[in-house]
Each structure stands twice: as C-alpha cells, then as structure tokens.
2 protein chains.
Amino acid sequence: MKRPTLKDVAQKAGTSLMTVSRVVNNRPGVSDETKAKIMKAIEELGYRPHSDARSLRVGKTGRIGVVVSDIRNPFYAEMVGDIEDLAEKTGMTVIVTDTERKLQQEQRALETLYNSGVDSIIIAPEGYSVEHLESYKKKGINIVSFGVHCPEGNFSEVWIDEIEGARKVGKYLLKRGVKRVVLIMGNPRKFTTSGRTEGFIQGFGKVPDYILHLPVNWQSSYNAVIEMKKLPEAFFCYNDLMALGVIKALREKGAVPGKDVAVVGYDDVFFAEISALTTVRIDKSKMVNTAFTLALSDNVEKIKFVPKLILRKSA
Amino acid sequence: MKRPTLKDVAQKAGTSLMTVSRVVNNRPGVSDETKAKIMKAIEELGYRPHSDARSLRVGKTGRIGVVVSDIRNPFYAEMVGDIEDLAEKTGMTVIVTDTERKLQQEQRALETLYNSGVDSIIIAPEGYSVEHLESYKKKGINIVSFGVHCPEGNFSEVWIDEIEGARKVGKYLLKRGVKRVVLIMGNPRKFTTSGRTEGFIQGFGKVPDYILHLPVNWQSSYNAVIEMKKLPEAFFCYNDLMALGVIKALREKGAVPGKDVAVVGYDDVFFAEISALTTVRIDKSKMVNTAFTLALSDNVEKIKFVPKLILRKSA
DNA sequence: GTGAAAGCGCTAACAC
DNA sequence: GTGTTAGCGCTTTCAC
C-alpha cells in the first residue's frame, strides 16, 4: 500500500540507503554482489524512485510544459502527440495547457506551468505581446516559441515564415487566373493573421476583395459563406478548419469546391488530405523535434521553417 | 534568478517561515497586520509556492494522469481538452500519455504516470486485460476507466453501453431496408469492437455480409473500400475517422455517400458534423465531468452512459 | 566500495 | 498570534 522508499530497499537488502541510490542511478562504486542483492530487493518491493523528492533535491523536474491555442484543433493535437512521443523517449513528462487563443489565458497558462514546476515550456504564443515569455525565461525556465517570430525576444524559437507561405498561395491563385478572392482570417492583432494576409497580397499582387476577421473555428467561416450573396472565385483561409467550414457551406449552396470556387487552407492537418484540401504545410514533425531539442538546450536559437504549398482538388 | 522560497519571504517580512506558510495557504491565526506585510513581501519577491516540495510533504501531487489511445484522434483530443478545462478550474495539472492502441504501451504509460507521481489516472483502456489497472489502484492511485466496462474490476468507471449504441445503428439500417452491410471494425480482442459488432447484429437481426478488422485509422478503411470489387448498401464503421476514409473512397469511386451507399460512424467528433456523417454520440462532456469527479473521489462507482444515434446525410 | 550527515522547500504538530 | 522542530524521499559531500 505505502509506496516503498530507498530506506525500505536498503533495509531489505541489508545495505545503506546511499548504496541503493547508487544502484538506482546506475552510478559506479558498488560491488556486483551488493548490486545484485539490491536489485532483488527493488524487484520484490516494486520500488520506484520518487520523482518529486529527486526533483526537490536536484532542482530539475523532468517536466516540460506545452502551451497551445486549442488542443481540439488537430494541428495542435498532432503537435502535442509528437512532443509526447519525444518526451516518452527521453523520460520526461509533458503538461499541456490550452489558451483558447486568449492572451490572458496564455499568461495564466504560463503561471500554472511555472507553479507546477516545469523545466521548460514550448509555447505557440498568441504573439502580440511577449514580455511575459521573457519574464519566465528570466526565472530560469527555458522558453521555446513555436511558430511565432519575435526577433527581439531573448528565447529560442522554431518559427514559421508565414509571409512566404501565404505568398505562395497568392502566386498560385494569380497564376490560375483568379480575380475575386476573399480572405478568411483570424484575429488581426496576431502575427499569424497579419503575416498571412501580407504574404498573400505580396504574392497575389493586389489586395483581395474582402478580408474577414472571424473567430477561429469552422462554424464562423461556414456561417459567413452561407450568408454571402455572391461567391468569390477563391477563398484563402486562416487554417484548415475554417477552410472545411467554407467547403461545407459551398456544398450546401450547390457550388463545387475546386471547380466553381477554389478553397485554400493552412496547416495540412490530417483531414485536409481526407478532404482533398489544397493547403499550406510546414514540416511539423521536424519543427517539433527542433523545438524539443531547444527546450532541453541552454542556447538561444531562432530557427526558421518555410512552408510548402500542397496542391489538392480544392484549388 | 533563483526562485524565492518561504524563507526569503519570511526574512523580507521579518517574520517566521511558518507564518508565511499560513498566509500562503489562507489559514487562520495571522494578524491582519503581519498578513499585510507578508503579502507585500510575496508580491515584491514574486514568490510562488514550490509544488513539489509541498507534494513531498503532503503526499498528494495535484497531478492527474490521462491515458488515451491516440491523442491525434479528435475524440481523445476533445476529451483531453475537457479534462484540462476542469483541471484548470480545480488547480490540478494534467499529464497525458498515448498508447497507440497497444496494451504494452498502456502498461508503460501507467508506469510512467506512477513514476511521475499522479494522484489519479483517467484511462481509456484497451480493455482486454485490466489486472494492471487494479495493481496501480492498490498502490494508492485512483483509477477511473473511461469507456470500457470491467464488472470485476475494483475501480471506478464511466462506461459506454456499446452494445446498445450499435444496436440502434443495426435497427436503423434494418428499418431503412438495407440488406448488404459491411462492418469496418478495429481489434477484435477489444471490447469496443466486439461490443459494437454484437450490438449491431442484435439490432440488425442478422450477421452482416462482411466484418473487417482493420488498424484504426482512416487510411486502412479507405484502402479497403478502394479495393472492393462490389460495394455493399451500407457501412458501419468503428469510428468517425474510419467512416471518413470510407466516404473518401466512395467519392473517388463515383458513389454518393448517403444516396448510393449509407455510411455510419461512431463518436461524433467535430468533423462528423462538418462532413454530415451519421454517427453514434455519447454525451462526452458529461462523461468527462463524471470521470473527473470520480478521479478526485474515494468511492468506487460504475456509471453507465448510453449513446444516441445522430442522423445526418450520410445515412 | 560503502555509509553518515546535511539539506532541497515545504507543512503537521506542538510549544509559547 | 507566532515560532520551533521534525521529517517527507532523495542526492551531494565527505569521511572511512
């Protein structure tokens, strides 16, 4: 019932607590004989090291915090899954928090993670304010920004060249001879929105007919399209979820996506492929790998990732 | 730089460490005057309680472990999101692990969680072996099974009446006059598969033409349908992901889902609605609420949830 | 090769 | 109302 401790093992093996600790941590300086005795005792008692006690002593917890906008969005679910796979391999544990895309909740999330004692934090920041990131960095927590680029911030980043990604979309639609375009974007204060908008304009060569700033979920884009009197020739959406909302609305209006109206998403989540959605992809698993490595490293590095355009039937 | 401790605060406020502790934990027996002094010191130093040290002393960590089959499946992502929302409110933190639907990894996950010191575990178990659940329960970790029913297991459950859920599907397809049905299921050793199969047969009144047991992902069902020489009148799928794979394949073969061939999924994840997929829904957020409450409770309770059939265009 | 002592930051129990 | 002491389970340091 009660969790066995080093002391219990030592008692059972007839050694001191310290020798057991050495065995548990694979340190040299224990004879094969006592080692065997101790191993046996550990086995029989089912001893497992008490990680909090060790953390308290060592000052490292082996915990890594992750802050995402919305775990229910497959983009982040996949990211979190990848991080967990890496953590599993390195014996770390992952604590995930969700901000629902609100800066205030992002601050709360960081506070929560700080209080629960993580060594590092990988965060997909809202992006229009980063002082709080710096402040936790100063407190000794390693911060890695995932996605957003803050040149002035003194923390590591794996950032996405949003402008270049969206530029590719603009260029492509231009080449296809599309004229009337509607952009369905998120919060204009966020860099992801402004970057994607700017990039698109650069590639497309002119400002699109309409730029909608909507809550980031499929329902809002769905509703927006349902209510449109006249459909454009193309939609470029903030992410795949919103693109799917658009597609659903188009279908219900009798328009065929990819034929009557082009639709382009962003993120390339798994169901973009199922839905034959043209979208913008970053090499997420590589990004996650890099982020994870930086989270465990002491250096501050800012590494750029450039997205690719993935052509499918929807555009 | 160095994280301030109770001692630092006490020094600054000119009191003893213990009085600070009282203030931090909102305990009575501190004069308003000293309280104010201490609050000020806490504020100025940016003191935050060290949760590991407290855990070590108190024997509770305030951490809750979650074990899911596949965080990348929106069903689980939504579940984890709901749990995190509840945890946030109660000041607990959540550690998520992923089993990729393998019993061995499930055992590893429990071990990992035990080692990282969680108070309780909410687990969506593979289900064809539950001794390991009992064993951790005996070690003092509160276990809540999510979904699977193990009458003999001495731990709490929020379980789903899979048989009843699938029975509704069988009945419905029978009523619609469907004759030739293919079931696309997962691992036959799992209760979710056997329960859904059995329930379907009960409702449908006869054994379907084919029962396929495939890896649980959309690609496998997609490939299976692509390779079929002759299509049935209906598919009943293990979950919505696999149903979407079927729909994609049908479309590529020129068949219209819901018109030429009926498709029914399971789970009612968010994109079932986007995709107009007929499916089986449980009241997940209520289930999660219940599971969370049980995770914090000392009683063992087994609570049943009965799924509903949600009719949409696909069937 | 092994062990004893100190202490990580905190709180329960008890003294004043 | 406030402070002192002991100890949660572990590792670091140093002694033998």
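The chains referred to below are lettered A, B, ... by the order of the sequence lines, with proteins before strands, and numbering in each begins at 1.
- An OP1 or OP2 oxygen of C:dG3 is reached within less than 4.0 angstrom by a side-chain nitrogen or oxygen of A:T19.
- Using modelled atom types and a 3.5 Å distance limit, the side chains of A:N25 and A:R54 yield a donor-acceptor pair.
- Applying the side-chain hydrogen bond (donor to acceptor under 3.5 Å, both in side chains) rule to A:N239 yields no partners; only residues at least two apart in sequence or on another chain are considered.
- The separation between B:Q11 atom CD and D:dT2 atom C1' is 17 Å, rounded to whole Å.
- With 3.5 Å as the limit, one finds no donor-acceptor pair spanning the side chains of A:E111 and A:H132.
- Near DNA chain D, defined here as any heavy-atom distance below 4.0 Å, the residues from residues 28-41 of chain B are B:G29, B:V30, B:S31, B:T34, listed numerically.
- Residue contacts shown for A:T15 are limited to sugar-phosphate atoms, with no base heavy atom under 4.0 Å away.
- A:K138 is linked by a side chain to side chain contact (heavy atoms under 4.5 Å, CB included) to nothing, counting only residues two or more places apart in sequence or in another chain.
- Heavy-atom distances under 4.0 Å link DNA chain C to no residue of residues 112-121 of chain B.
- For the side chain to side chain contact (heavy atoms under 4.5 Å, CB included) test, residues two or more places apart in sequence or in another chain that qualify with B:T192 are B:E162, B:K190, B:R196, B:Y238.
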Per-nucleotide protein contact string for nucleotides 8-16 of chain D (B base, S sugar-phosphate only, - none; heavy atom under 4.0 Å): BBBBB----
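- In this view, A:T34 and A:S31 satisfy the side-chain hydrogen bond (donor to acceptor under 3.5 Å, both in side chains) rule, not counting sequence neighbours.
- Partners of A:R189 according to the side-chain hydrogen bond (donor to acceptor under 3.5 Å, both in side chains) rule, which considers only residues two or more places apart in sequence or in another chain, do not exist here.
- The existence of a salt bridge linking B:D52 and A:R63 is confirmed by a sub-4.0 Å separation between a basic side-chain nitrogen and an acidic carboxylate oxygen.
- Scored by the side-chain hydrogen bond (donor to acceptor under 3.5 Å, both in side chains) test, B:R72 finds A:D82, A:D85 as partners (sequence neighbours excluded).
- When only modelled atom types and interatomic distance are considered, A:N142 and A:K137 share a side-chain donor-acceptor pair under 3.5 Å.
- Between the CD atom in B:E157 and the CZ atom in B:F146 there is a gap of 12.0 Å [rounded to 0.5 Å].
- Evaluation of the ring-ring contact (aromatic ring centres under 6.0 Å, His included) rule for A:F191 yields no partner, not counting sequence neighbours.
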For residues 293-301 of chain A, which side-chain N or O atoms pair as donor and acceptor with protein atoms under 3.5 Å away, sequence neighbours left out?
unit_1, atom_1, unit_2, atom_2, d
A:T293, OG1, A:N289, O, 2.8
A:S297, OG, A:N299, N, 2.9

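- For the helix from C:dG1-D:dC16 to C:dC16-D:dG1, the axis fitted to the five pairs at one end and the axis fitted to the five pairs at the other end meet at an angle of 40° (nearest 10 degrees).
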